[in-house]
Enquirer: 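Supplied in structure tokens, the structure appears directly below.
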Protein chains: 2
Amino acid sequence: MEPLDTMVLLKNKQLKKTAVRSDLLAILSEKKAPCDAMELLIKLRKKYGRLNKTTVYRQLQTLTYKKILKTIELGEGKKRYELKTDHHHHLICRKCKNIKDVRLKNDLSREESIITEKYRFRVIEHSLEFFGICRNCS
Amino acid sequence: MEPLDTMVLLKNKQLKKTAVRSDLLAILSEKKAPCDAMELLIKLRKKYGRLNKTTVYRQLQTLTYKKILKTIELGEGKKRYELKTDHHHHLICRKCKNIKDVRLKNDLSREESIITEKYRFRVIEHSLEFFGICRNCS
DNA sequence: ATCTTTGCAAAAGTTTTGCATATCC
DNA sequence: GGATATGCAAAACTTTTGCAAAGAT
């Protein structure tokens, strides 16, 4: 993924460019899998020593509300966050718990049309995750 | 869905047929959408007045471990459970939060083959959820 | 008789809220 | 200056654990 232009992103969404927020977005733009709140807190604390978890949670809320981030849950009992850039799915290894982003050619638009017609349900987005055993664990 | 033969199910899995467990499975077999722990606790308490939440959580753990139930998370910050019968997906309304089961013709086996080959990731199962606006809310 | 299940209390893990202070534009 | 962001403490919410008592085969 190309480096994120945090400045532009934040201005467009009427958010202030605070140091923590920029770094949080930078971390997410470099990751190839969704992050949870604690992971972000720990990484950010290397630079912002006494950063509070509340701040992280609030940033995640705000950025999700502004549609810069997307929330997903993978059955772990906690939320994960990723940049709402290109659409992709996840491979979650049941053994090592590693998560990997993948892109599929099939964008499920046929299925979404069927759902719209048959159930009169207007699809905004979908979430598709694959659970199994990764190459390292098999 | 045809009524669940709880007796057979439990015997096959070497679980005792306790009243609470049978009723929990009965509730899930009648539902057309996945349940969370509190919903089950409240329903079960109508019959078992002082049923403890720990019991429900433990049943859910056990039945999931025995592969009678499947856990899903839909971005609500809590787990939901459903019988592991026929494979299906969910429509989640962003307004009224209603959840509906749907069956699709496409079982994504083509995508799973691609993932197996390209990433050497052995898919065990997948989870596909559609988020949008239901007919009542649009 | 033995193994499983349950209740109760306590704790753990994740996320949210209130309020005072600090920071950004 | 006025709106937004942050730190801290406390609480809310979901889920888990330890242990003793009760129940099932």
Side-chain angles (χ1 to χ4, degrees), chain A residues 6-27 34-66 68-82 97, chain B residues 6-26 34-66 68-81 97:
Chain A
T6 302
M7 199 69 182
V8 171
L9 189 56
L10 295 179
K11 251 189 178 162
N12 287 346
K13 302 283 187 170
Q14 300 179 310
L15 288 173
K16 291 183 179 175
K17 185 190 178 266
T18 64
V20 172
R21 178 173 289 156
S22 303
D23 283 335
L24 190 156
L25 289 172
I27 291 170
C35 280
D36 63 57
M38 277 305 126
E39 197 177 337
L40 289 165
L41 179 61
I42 289 167
K43 283 188 179 164
L44 288 167
R45 272 192 175 158
K46 286 177 184 162
K47 186 165 172 188
Y48 308 94
R50 7 174 256 155
L51 183 69
N52 198 277
K53 66 182 175 187
T54 303
T55 301
V56 172
Y57 278 109
R58 266 193 290 233
Q59 287 298 346
L60 292 171
Q61 265 186 307
T62 305
L63 294 168
T64 303
Y65 178 73
K66 293 283 187 179
I68 294 171
L69 299 186
K70 183 181 174 185
T71 305
I72 60 165
E73 285 184 281
L74 304 175
E76 306 163 295
K78 66 186 173 189
K79 292 176 181 168
R80 289 184 174 271
Y81 300 84
E82 60 187 9
K97 314 301 177 198
Chain B
T6 302
M7 198 70 184
V8 171
L9 189 57
L10 296 179
K11 250 189 178 161
N12 287 345
K13 302 284 187 169
Q14 300 179 310
L15 289 172
K16 291 184 180 177
K17 185 190 178 262
T18 64
V20 172
R21 177 172 291 155
S22 302
D23 283 335
L24 190 155
L25 289 172
C35 280
D36 63 56
M38 276 305 125
E39 197 177 337
L40 288 165
L41 178 61
I42 289 165
K43 283 188 180 166
L44 288 167
R45 273 192 173 158
K46 286 176 185 163
K47 186 165 170 186
Y48 307 94
R50 9 174 256 156
L51 184 69
N52 199 276
K53 65 181 173 189
T54 304
T55 301
V56 172
Y57 278 109
R58 266 193 291 230
Q59 286 298 345
L60 292 170
Q61 266 186 303
T62 305
L63 293 168
T64 303
Y65 177 73
K66 293 282 187 176
I68 294 170
L69 300 185
K70 184 181 175 184
T71 304
I72 60 166
E73 285 185 280
L74 303 175
E76 307 162 295
K78 67 185 171 190
K79 292 176 182 169
R80 288 184 175 271
Y81 300 84
K97 313 302 178 196

Enquirer: For the pair made of CG in A:Leu44 and P in D:dT6, what is the distance, rounded to whole Å?
Expert: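 That distance rounds to 10 Å.
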
Enquirer: Can you sort out which residues in residues 75-82 of chain A have a heavy atom within less than 4.0 Å of DNA chain C? Ascending by number, please.
Expert: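 Nucleic-acid contacts, sorted: A:Gly77, A:Lys78, A:Lys79.
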
Enquirer: Side chain of B:Leu51, heavy atoms from C-beta onward: which of D:dT15, D:dG7, C:dG7 has the nearest atom to it?
Expert: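 That would be C:dG7.
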
Enquirer: Nearest-Å distance, OH (A:Tyr65) to C1' (C:dT16)?
Expert: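 Going from OH in A:Tyr65 over to C1' in C:dT16 covers 17 Å.
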
Enquirer: Expressed as a whole number of angstroms, how long is the span from A:Gln59:CD to C:dT23:C1'?
Expert: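 The answer, rounded to whole Å, is 13 Å.
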
Enquirer: Would you kindly give the NZ-to-C1' distance between A:Lys17 and D:dT6, to the nearest whole Å?
Expert: 17 Å

Enquirer: Test side-chain contact (heavy atoms from CB on, under 4.5 Å) on A:Gln59 and A:Val56; report intermediate values, then the result.
Expert: CA-CA 5 Å; A:Gln59 287 298 346; A:Val56 172; 5.7 Å; no

Enquirer: Measure the spacing between CG of B:Leu74 and CD1 of A:Ile72 and express it to the nearest 0.5 Å.
Expert: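 Rounded to the nearest 0.5 Å, the CG-CD1 separation comes out at 13.0 Å.
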
Enquirer: Contact class for B:Arg50 (heavy atom, under 4.0 Å): base, sugar-phosphate, or nothing?
Expert: sugar-phosphate

Enquirer: Counting side-chain heavy atoms from C-beta on, which of D:dT16, C:dT6, C:dT15 comes nearest to B:Thr18?
Expert: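 Output: C:dT6.
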
Enquirer: Counting only side-chain nitrogens and oxygens, does A:Tyr57 get under 4.0 Å of the OP1 or OP2 atom of C:dT16?
Expert: no

Enquirer: What integer distance in Å separates B:Leu41:CG from C:dG7:P?
Expert: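 Rounded to the whole Å, the gap is 10 Å.
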
Enquirer: Both B:Glu73 and B:Arg58 contact DNA chain D. Taking the nearest nucleotide for each, which residue is further toward the 5' end?
Expert: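 By nearest-heavy-atom nucleotide position, the 5'-most residue is B:Glu73.
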
Enquirer: In whole angstroms, how far is the P atom of C:dA22 from the CG atom of A:Asn52?
Expert: 15 Å

Enquirer: Closer to the 5' end of DNA chain C via nearest nucleotide, is it A:Met38 or A:Thr54?
Expert: A:Met38

Enquirer: As an exercise, state the distance from CG of A:Leu63 to CD of A:Gln61, rounded to the nearest 0.5 Å.
Expert: 10.5 Å

Enquirer: From B:Leu24 CG over to B:Tyr48 OH, what is the distance, rounded to the nearest 0.5 angstrom?
Expert: 10.0 Å

Enquirer: Could you check how far NZ of A:Lys53 sits from C1' of D:dA5, rounded to whole Å?
Expert: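 It works out to 18 Å between those atoms.
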
Enquirer: Start with the C-alpha distance between B:Leu69 and B:Leu25, add both sets of side-chain angles, then the distance that settles side-chain contact (heavy atoms from CB on, under 4.5 Å), and finish with yes or no.
Expert: CA-CA 9 Å; B:Leu69 300 185; B:Leu25 289 172; 4.2 Å; yes

Enquirer: Round to the nearest Å and state the distance from B:Arg21 atom CZ to D:dT25 atom P.
Expert: 10 Å

Enquirer: Under 4.5 Å between any side-chain heavy atoms of B:Glu73 and A:Lys79, yes or no?
Expert: no

Enquirer: Working to the nearest 0.5 angstrom, can you tell me the gap between B:Arg80 CZ and B:Leu40 CG?
Expert: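 Result: 9.5 Å between the selected atoms.
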
